[in-house]
Amino acid sequence: MTLAELTDGLNPEQRRAVATLDGPLLILAGAGSGKTRVLTRRIAALLARGTVGEGAFAPWLRPWNILAVTFTNKAAGEMRHRVEALVGESARHVWVSTFHSTCVRILRQDIEPLGWRRDFVIYDDDDQLRVIKAVLEEFKISPKELPPAAVRGRIDRYKNGLSAGEYLARSDPFPKLLASYDARLKKANALDFNDLINKVVQLWTENPAVLTRWQDRWRYVLVDEYQDTNPAQYSLLKLLAGEARNLAVVGDDDQSIYRFRGADLRNILEFEQDFPGAAVIKLEQNYRSKGNILKAASGVVRNNKARKDKTLRTEAEDGELVKLLMTEDDAAEGETIVNTMLRLGRNWSDYAVIYRTNALSRQVEQVLTRNRIPYTLVGGRKFYDRMEVKDILGYLRLLNNPDDDIALARVVNVPARGLGDKAMESLRAEAARHGTNLRAAARALGGTGGRAGNALAAFSLLMDRLEGVVPLMPLSDLVAYVATETGYIAMLEAEDTDEARGRIENIRELQRSAAAVLEEPDDDGNVPEPGPMSLRYFLDRATLSGQADELPDEGAGSVTLLTAHLAKGLEFPVVFVIGMVEKGFPHARAELEEDIEEERRLAYVAFTRARERLFLTSPRRRRGLEGWYEDAVLSRFVHEIPEDALSGREPGRGHMPAWRLGNLTPLGRGTPAAAPSRPGWSSERPAPARAPAPTRSFARPAGLRTLVPENLDSFITGAEVLHPSLGIGTIQTRDGTPGNPRLTIHFAGAGPRTVYAVTAALELVIRS
DNA sequence: GAAAAGACCTTTTTT
DNA sequence: AGGTCTTTTC
């Protein structure tokens with residue numbers, strides 16, 4: 001294929017991006033500007049230039065000299081696929097992969113100078129937590145005063161190079177915790193996610209000869225989603241690019257949404273300083289969305305300060321206005337969405353529902369289920385995170401690496417083998433005494449007789465037997481063999497519940513994905529042989545697979561539900577963004593100006609997923625932290641949408657209700673103040689159109705007026721309340737703490753009961 | 001040692 | 001409200 005053919009049908013900027021092959025290049029690609037198209041054609045253009053004849057390549061630009069890095073396996077797979085479709089066979093040798101997989105590949109070959117063995121294992125965040133818990137125990141710090149998740153956050157920040165300015169108090173235990181954490185990983189021959197990147201940087205920095213070898217292999221480097229790179233990834237790219245500087249990065253500063261994970265916007269904003277003489281190309285022509293959608297999204301993101309100036313333009317017509325749908329409460333958002341979908345009457349797969357936090361998916365799911373609308377929930381609990389899958393993988397990990405103490409601790413008593421805390425304690429003591437791993441300790445104690453001794457002997461024998469089988473079996477058979485021989489399947493069968501049957505099914509699914517490993521070539525085109533190699537390859541994949549990798553197939557015929565983060569890079573004809581309220585989107589934890597700007601970029605990403613129609617929903621009130629309703633305030637991002645692109649917003653006001661619950665306090669003593677009568681408020685919410693809400697077992701008396709106070713102080717002695725299942729009652733006593741009052745209530749139907757106001761979902765009855 | 005009941009914490013986003 | 005981890009009970 002010639003360059004002319006490859007740039008056919010592209011606009012001038014795209015053409016330039018495809019044809020600029022040497023030296024540093026920054027492509028600023030706005031949402032929907034044909035970024036992937038440009039990237040794939042650019043790879044094809046490199047291949048074309050390196051081809052000197054049928055299957056013959058110039059020695060300075062062979063297919064395997066090209067590296068393309070993405071953030072998700074899904075994106076990598078798609079790009080590989082598209083390049084292959086474009087140029088055929090020779091694309092197979094181009095290395096298209098994620099940052100993490102690429103680093104695993106490098107380290108599998110070259111990690112030894114750093115003191116790890118080449119068969120190292122990768123610890124995911126769950127493993128991290130287990131290690132941290134052990135560390136905290138070592139230093140006698142209770143997880144209450146120092147939550148393991150907080151330690152993990154700090155370790156991650158440190159490893160991402162973000163904690164340089166962090167104040168270290170003299171008494172701060174963090175350095176010793178980190179040291180112990182790292183020592184434990186090293187002992188288990190393990191690396192965590194951040195190590196994968198950092199160790200490559202360290203390796204290359206300390207061993208220039210190794211770096212030169214990789215620079216020689218990858219002479220042309222392309223990076224997708226460059227705005228999401230963190231400092232470690234930046235260092236890695238800078239090293240790899242070396243003096244040749246054939247580094248092309250594609251990104252959009254307006255779509256940088258991974259600051260919390262260490263992404264540094266400066267990487268893209270300062271690319272030109274970092275690589276002097278870099279060519280910069282802006283792709284500002286949007287081919288995805290109708291005009292009004294673009295107007296809305298641009299209007300929002302324009303309010304950010306930290307951004308490169310740019311304006312997306314489109315030749316598409318304006319289309320329908322972006323529509324704001326106000327609903328009574330968050331439960332009604334789902335109903336409204338479904339009604340709108342039914343009214344539009346399109347294919348289910350045309351619709352996507354996008355939300356800020358995973359928790360919001362639930363209510364939408366409920367309504368979809370009730371209406372028998374097929375949907376696919378992306379993310380949430382990913383497949384490899386499921387307990388039974390992790391258990392079986394735990395056995396496989398232990399077979400792969402006897403030093404993996406975390407894996408042993410996970411599986412040693414699943415199914416139950418009489419090896420509880422006591423046994424684990426002596427196991428750890430034995431291991432510490434001889435400086436061995438738990439696996440060896442189990443073998444040693446297995447000869448000592450006694451209850452635990454016999455159980456350990458049996459476990460050791462089992463593991464020995466499984467180990468012997470590893471080289472003999474194809475991977476999928478091994479998975480099945482492990483699941484059966486360990487008694488895991490029998491344990492689930494004995495449970496005889498739907499849940500257990502589902503778990504068995506998941507293990508079968510794991511087996512199927514293991515079978516696929518044997519058919520699928522890896523990045524270098526090799527199909528792994530049965531035995532330890534394929535096992536390790538399989539475990540790597542299981543650990544590195546992410547949530548974005550399990551997107552629904554196009555033809556699935558179902559509505560897609562996903563977070564704004566997972567939606568990046570995708571597009572749908574009709575998009576609903578739900579929960580457009582302050583403290584929801586933007587999220588409550590976004591306080592700093594930089595945080596808000598990131599939220600704004602996230603909103604921009606969410607909006608620009610839509611091709612034809614964009615709906616925003618916003619509840620007037622929503623459930624607060626403990627089941628309480630609180631007033632919701634329309635998201636500032638909705639206010640930032642230009643008025644001529646939006647319909648549904650009442651001019652002049654937000655959507656604050658005419659009277660606010662907050663005005664009720666302070667209440668007089670004795671009986672609750674009478675609330676202004678106002679139909680359509682909490683008491684007269686229309687019942688759901690179809691099935692009655694299953695949670696409420698008490699039939700609410702018709703015409704009863706209640707309100708949900710935002711303040712627990714409203715529940716005073718003598719007040720009349722409505723409980724969701726116990727009905728109407730009067731508060732007799734109130735004690736407990738001010739923040740967590742305990743009430744005894746005399747219910748008309750159920751008699752006296754004691755409840756905590758925080759959790760009981762009580763409403764105040766209003767008698768006027 | 002395992003099942004049942006209870007405290008407790010959670011919710012930001014993820015390779 | 002709901003799930004997870006911890007404590008209690010058999």
Side-chain angles (χ1 to χ4, degrees), chain A residues 69-76 97-104 122 124-126 129 133 142-144 147-149 152-153 156 160 192-197 225 228-230 232-233 256-263 330-331 354-363 378-382 384-385 387 413-424 451-452 455 491 495 540-541 543-550 562-568 579 583-591 595 598-599 601-603 605-606 623-629 695 724-725 740 756 758-761:
Chain A
V69 192
T70 63
F71 273 83
T72 68
N73 298 299
K74 172 101 177 171
S97 190
T98 66
F99 265 106
H100 291 86
S101 301
T102 304
C103 288
V104 169
I122 306 161
D124 67 9
D125 44 359
D126 187 55
L129 274 189
K133 280 178 190 161
S142 106
K144 285 200 187 80
R152 182 180 59 193
D156 286 347
N160 280 331
D192 65 27
F193 277 130
N194 292 314
D195 286 339
L196 293 177
I197 314 285
E225 308 281 13
D228 287 329
T229 50
N230 66 28
Q233 289 158 339
S256 170
I257 55 174
Y258 284 106
R259 205 165 79 95
F260 70 93
R261 205 169 69 190
D330 44 4
I354 298 179
Y355 35 81
R356 175 65 180 84
T357 60
N358 276 308
L360 288 188
S361 69
R362 185 177 307 239
Q363 67 218 24
V378 183
R381 214 164 189 66
K382 56 180 179 175
Y384 288 109
D385 266 352
M387 182 180 69
N413 203 30
V414 188
R417 300 191 175 89
L419 292 167
D421 291 347
K422 264 274 176 53
M424 275 311 288
R451 273 261 132 92
M491 172 186 78
E495 256 187 59
D540 281 354
R541 273 178 51 129
T543 315
L544 294 175
S545 90
Q547 305 192 37
D549 299 334
E550 36 180 83
L562 74 184
T563 65
H565 283 89
L566 289 175
K568 190 167 64 149
K583 297 188 180 175
F585 204 168
H587 193 268
R589 278 191 56 174
E591 287 160 349
D595 296 334
E598 173 127 331
E599 297 287 317
R601 291 191 290 268
L602 196 51
V605 168
R623 248 178 232 287
L625 257 63
E626 279 110 12
W628 288 100
Y629 278 116
T695 46
S725 55
N740 187 15
Y756 283 93
V758 175
T759 47

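Letters A, B, ... mirror the listed sequences (proteins, then strands); counts begin at 1. Source: prediction; values computed, not measured.
The shortest distance between the side-chain N/O atoms of A/Asn413 and the OP1/OP2 oxygens of B/dA2 is below 4.0 Å. Note on A/Ser101: every side-chain N or O is 4.0 Å or more away from OP1 and OP2 of B/dT15. Between B/dT15 and A/Asn194, no contact under 4.0 Å exists linking OP1 or OP2 to a side-chain N or O.
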(Q) Assess the residue pair A/Thr70 and A/Glu225 against the criterion (side chain to side chain contact (heavy atoms under 4.5 Å, CB included)); give the C-alpha distance rounded to whole Å, side-chain angles, the decisive distance to 0.1 Å, and a yes or no. (A) CA-CA 7 Å; A/Thr70 63; A/Glu225 308 281 13; over 6 Å; no

Q: Could you go through the side chain to side chain contact (heavy atoms under 4.5 Å, CB included) check for A/Thr229 and A/Phe71 one step at a time?
A: CA-CA 9 Å; A/Thr229 50; A/Phe71 273 83; 4.0 Å; yes

Q: Show your working on side chain to side chain contact (heavy atoms under 4.5 Å, CB included) between A/Thr563 and A/Ile354 and close with a plain yes or no.
A: CA-CA 5 Å; A/Thr563 65; A/Ile354 298 179; over 6 Å; no

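Proximity note for A/His565 (side chain, C-beta onward) versus B/dT14, C/dG2, B/dT15: the nearest is B/dT14. Across B/dT11, B/dT15, B/dA2, the shortest atom-to-atom separation from the side chain of A/Leu566 is found for B/dT15. The side chain of A/Arg261 has B/dT15 as its nearest neighbour among B/dT11, C/dG2, B/dT15. When each of B/dT15, C/dG2, B/dA2 is scored by its nearest atom to the side-chain atoms of A/Arg362, the top-ranked nucleotide is C/dG2.
Mapped onto DNA chain B by nearest heavy atom, A/Ala416 and A/Glu599 fall at different nucleotides, with A/Ala416 at the one closer to the 5' end. Judged by closest nucleotide on DNA chain B, A/Leu419 is the one of A/Thr98 and A/Leu419 placed further toward the 5' end.
Between the CG atom of A/Asn358 and the P atom of B/dT13 there is a distance of 5 Å, rounded to whole Å. Rounding to whole angstrom units, CD of residue A/Glu598 and P of B/dT14 are separated by 12 Å. Rounded to an integer number of Å, the gap from CD1 of A/Ile197 to P of B/dT14 is 18 Å. To the nearest angstrom, P of B/dT11 lies 18 Å from CG of A/Asp595. What separates CD of A/Gln233 from P of B/dT14 is a distance of 16 Å, to the nearest Å. For the pair A/Asp125 CG and B/dT14 C1', the interatomic distance rounds to 8 Å; values are reported in whole Å. With rounding to whole Å, A/Asn73 atom CG is found 8 Å from B/dT15 atom C1'. Atom pair A/Lys133:NZ and C/dC5:C1' shows a separation of 8 Å (rounding to whole Å applied).
Within the shown strands, nothing qualifies as a pairing partner of B/dT14 under the Watson-Crick or G-U definition with both distances less than 3.5 Å. Base pairing of C/dT4: its partner is B/dA7, meeting the Watson-Crick or G-U wobble criterion (both donor-acceptor distances under 3.5 Å).
Judged by distance alone, with hydrogens and angles left aside, the side-chain atoms of A/Arg601 form a donor-acceptor pair with the main-chain N or O of A/Ser256 at under 3.5 Å.
Contacts of A/Asp124 with the nucleic acid, taken as non-hydrogen atoms under 4.0 Å apart, are absent. When heavy atoms are screened at a 4.0 angstrom cut-off, A/Tyr258 is found touching the sugar-phosphate backbone but no base atom.
A salt bridge links A/Asp595 and A/Arg259; the closest N-O separation between the charged side-chain nitrogens and carboxylate oxygens is under 4.0 Å.
By the 5.5 Å and 30° criteria, A/Phe260 is stacked with the base of B/dT13.
Relative ring orientation between A/His100 and A/Phe193 is described as perpendicular, the plane-to-plane angle rising above 60° on a 0-90° scale split at 30° and 60°.
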